[in-house]
S.K.: 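The structure is given below, and queries will be raised subsequently.
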Protein chains: 2
Amino acid sequence: MSYQKAEEALRKADIRITRIRREILAVLYELGHPVSHGDISSEEQLRNFDRVTLYRNLNLLLEKGLVHGVLGTDGSWRYCAHPKDVEGCPGRHPHFLCMECGRMFCLPDQAIPFVEVPSDFEVAGKQFVIYGRCAECRNKGKDTEK
Amino acid sequence: MSYQKAEEALRKADIRITRIRREILAVLYELGHPVSHGDISSEEQLRNFDRVTLYRNLNLLLEKGLVHGVLGTDGSWRYCAHPKDVEGCPGRHPHFLCMECGRMFCLPDQAIPFVEVPSDFEVAGKQFVIYGRCAECRNKGKDTEK
DNA sequence: CCATCATCTGCAACTCTGTTGCATTATGAT
DNA sequence: ATCATAATGCAACAGAGTTGCAGATGATGG
Ligand SMILES: [Mn+2]
Ligand SMILES: [Mn+2]
Ligand SMILES: [Zn+2]
Ligand SMILES: [Zn+2]
């Protein structure tokens, strides 16, 4: 079960262990791909928590680096955590967003490429989102396409 | 003046020439870096148009490829057009967002790097945003930094 | 140069994502 | 078990962007 991993991560990050935090991390570990606030809140285990509390905890987990966040080109954030990322989950890889089903996929095998910025600029982070249609949605389309 | 360029581009894209469209394009051509709806709407020449009309026209110009859009990690879109991009302005380059002043900069000298996606996915586009602090904001900070 | 009709504009209302303030409740250290 | 501190729930708010519709505007053909 992912609860062990979740508690371990929370302890390591030195933040209080509460039910919602355990559940959020467990859900993200199981799913393994970035999901929106809405997706998370409709998971069985999280359905009864207040949406604000969910937002606040997602932000906390982001700050503490237990979760990484990706802003989709649809304008909403996805949250993702991989249990294997021992030292937090920096998410330094590109992501793919399917604009038909709204699912987001990590492309973890390649690092976000280096890009030159003016030398007097200070880089805090990067987001690389590729958007289009996922395999599943392409297949569904094939019947209907004229 | 950029009005010539603007009208030319509108004619080429085969959309009606209206005052707001001419003004939007002229403003974007002059500024030459991505700006938000809010920035545009507070430009002298555009201050008296309705914000909805501005949104609708920005979307039209995006669709027609006369303008490129970049979603900042602050969650709002910036719009940009370079007059030299004769065949529309695809914006296929990374952008830098200063999280202090909110300004966005094109990094036009480098293409958005190629990234492998699963072969059965269909790529429609990419967004590569680097965020941090611009040179100007770093300098301003130096006085105040303890 | 005017009539016509498609298109564009302005206004009001709305949606969606995310945030803030505050009173109440749970957590964990003692 | 006690208590201070931190987390939660609820209501209200904020900002970006969209939709529906009535009335104005611009391209076109006579
Ligand atoms: Mn990821
Ligand atoms: Mn650009
Ligand atoms: Zn899909
Ligand atoms: Zn700046």
Side-chain angles (χ1 to χ4, degrees), chain A residues 3 6-8 10-25 34-42 45-64 66-80 97 99 102 104 127 129, chain B residues 3 6-8 10-25 34-42 45-64 66-80 97 99 102 104 127 129:
Chain A
Y3 287 104
E7 294 207 2
E8 194 183 316
L10 290 169
R11 231 181 318 268
K12 206 175 284 177
D14 203 42
I15 55 182
R16 286 194 178 179
I17 296 169
T18 66
R19 215 184 111 217
I20 194 174
R21 290 175 190 166
R22 225 182 301 129
E23 300 291 1
I24 292 172
L25 278 183
V35 285
S36 69
H37 173 279
D39 295 334
I40 298 171
S41 72
S42 58
Q45 310 135 283
L46 288 160
R47 202 164 289 158
N48 295 315
F49 288 97
D50 188 77
R51 39 177 235 107
V52 175
T53 305
L54 180 50
Y55 273 116
R56 283 200 266 235
N57 280 292
L58 287 170
N59 286 336
L60 178 71
L61 297 175
L62 283 174
E63 275 167 33
K64 297 294 180 171
L66 302 188
V67 161
H68 65 275
V70 188
L71 182 57
T73 42
D74 60 356
S76 71
W77 286 89
R78 317 290 152 121
Y79 307 87
C80 183
L97 176 66
M99 294 169 69
M104 186 178 273
Q127 293 246 350
V129 176
Chain B
Y3 287 103
E7 295 209 2
E8 195 184 315
L10 290 168
R11 232 183 316 270
K12 206 176 284 179
D14 202 42
I15 56 182
R16 284 193 179 178
I17 295 169
T18 67
R19 214 184 113 218
I20 194 173
R21 289 175 190 166
R22 226 181 302 129
E23 301 290 2
I24 292 172
L25 278 183
V35 285
S36 67
H37 173 279
D39 296 334
I40 299 171
S41 72
S42 58
Q45 309 137 284
L46 287 160
R47 201 165 289 158
N48 294 316
F49 287 97
D50 188 77
R51 33 173 241 110
V52 176
T53 305
L54 180 51
Y55 273 117
R56 284 200 264 237
N57 280 292
L58 287 171
N59 287 335
L60 178 72
L61 297 175
L62 283 175
E63 275 166 33
K64 298 292 182 177
L66 301 187
V67 161
H68 66 276
V70 189
L71 180 58
T73 42
D74 60 357
S76 71
W77 286 89
R78 317 290 151 120
Y79 307 87
C80 184
L97 176 65
M99 294 169 68
M104 187 178 272
Q127 293 247 348
V129 176

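Convention: sequence-line order gives letters A, B, ...; per-chain numbering from 1.
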S.K.: What distance separates A:E23 CD from A:L54 CG, expressed to the nearest 0.5 Å?
M.R.: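 One gets 11.5 Å once the value is rounded to the nearest 0.5 Å.
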S.K.: Testing B:F49, B:Y79, B:Y55 one by one against B:H37 for a ring-ring contact (aromatic ring centres under 6.0 Å, His included), which residue passes?
M.R.: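 For B:H37, the ring-ring contact (aromatic ring centres under 6.0 Å, His included) test succeeds with only one of B:F49, B:Y79, B:Y55, which is B:Y55.
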S.K.: What is the first contacted nucleotide of DNA chain C and what is the last, in 5' to 3' order, if contact means an atom lying under 4.0 angstrom from a heavy atom of chain A?
M.R.: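 From 5' to 3', the first and last contacting nucleotides are C:dT17 to C:dG28.
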S.K.: Starting at the 5' end of nucleotides 7-16 of chain D, put B wherever the base has a protein heavy atom under 4.0 Å, S where only the sugar-phosphate does, and a dash everywhere else.
M.R.: SSBBB----S
S.K.: Do A:L62 and A:L58 touch side chain to side chain, with heavy atoms closer than 4.5 Å?
M.R.: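 Side chain of A:L62 against side chain of A:L58, heavy atoms only: no contact under 4.5 Å found.
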S.K.: Under the side chain to side chain contact (heavy atoms under 4.5 Å, CB included) rule, collect the residues that match up with A:D39, sequence neighbours excluded.
M.R.: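 Listed in chain order: A:V35, A:S36.
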S.K.: Quick one: label A:D74 by what it contacts on the DNA or RNA (base, sugar-phosphate, nothing), any heavy atom closer than 4.0 Å.
M.R.: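 Touches nothing.
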S.K.: Could you work out how much the helix from C:dC1-D:dG30 to C:dT30-D:dA1 bends, comparing the axis of its first five pairs with that of its last five, to 10°?
M.R.: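 Inter-axis angle at the termini of the helix from C:dC1-D:dG30 to C:dT30-D:dA1: 40°.
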S.K.: Nearest 0.5 Å please: distance from the CE atom of A:M104 over to the CE atom of A:M99.
M.R.: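 The CE atom of A:M99 is 11.5 Å from CE of A:M104, to the nearest 0.5 Å.
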S.K.: Apply salt bridge (Lys or Arg N to Asp or Glu O under 4.0 Å) to A:R11 and list each qualifying residue two or more places apart in sequence or on a separate chain.
M.R.: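 A:R11: salt bridge (Lys or Arg N to Asp or Glu O under 4.0 Å) contacts with A:E7.
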S.K.: Could you check whether any side-chain heavy atom of A:T18 comes within less than 4.5 Å of a side-chain heavy atom of A:L10, counting everything from C-beta outward?
M.R.: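 Counting from C-beta outward, A:T18 and A:L10 never come under 4.5 Å.
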S.K.: Just wondering, more than 12 heavy atoms not from A:R19 lying within 6.0 Å of its CZ?
M.R.: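 Incorrect, the count does not exceed 12.
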S.K.: Determine all donor-acceptor pairs shorter than 3.5 Å in which one atom belongs to a side chain in residues 69-77 of chain A; sequence neighbours excluded.
M.R.:
residue, atom, partner, partner atom, Å
A:D74, OD1, A:S76, N, 3.2
A:D74, OD1, A:R78, NH2, 2.9
A:D74, OD2, A:R78, NH2, 2.2

S.K.: Is the shortest side-chain heavy-atom distance between B:R21 and B:L66 below 4.5 Å?
M.R.: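 No; the side chains remain at least 4.5 Å from each other.
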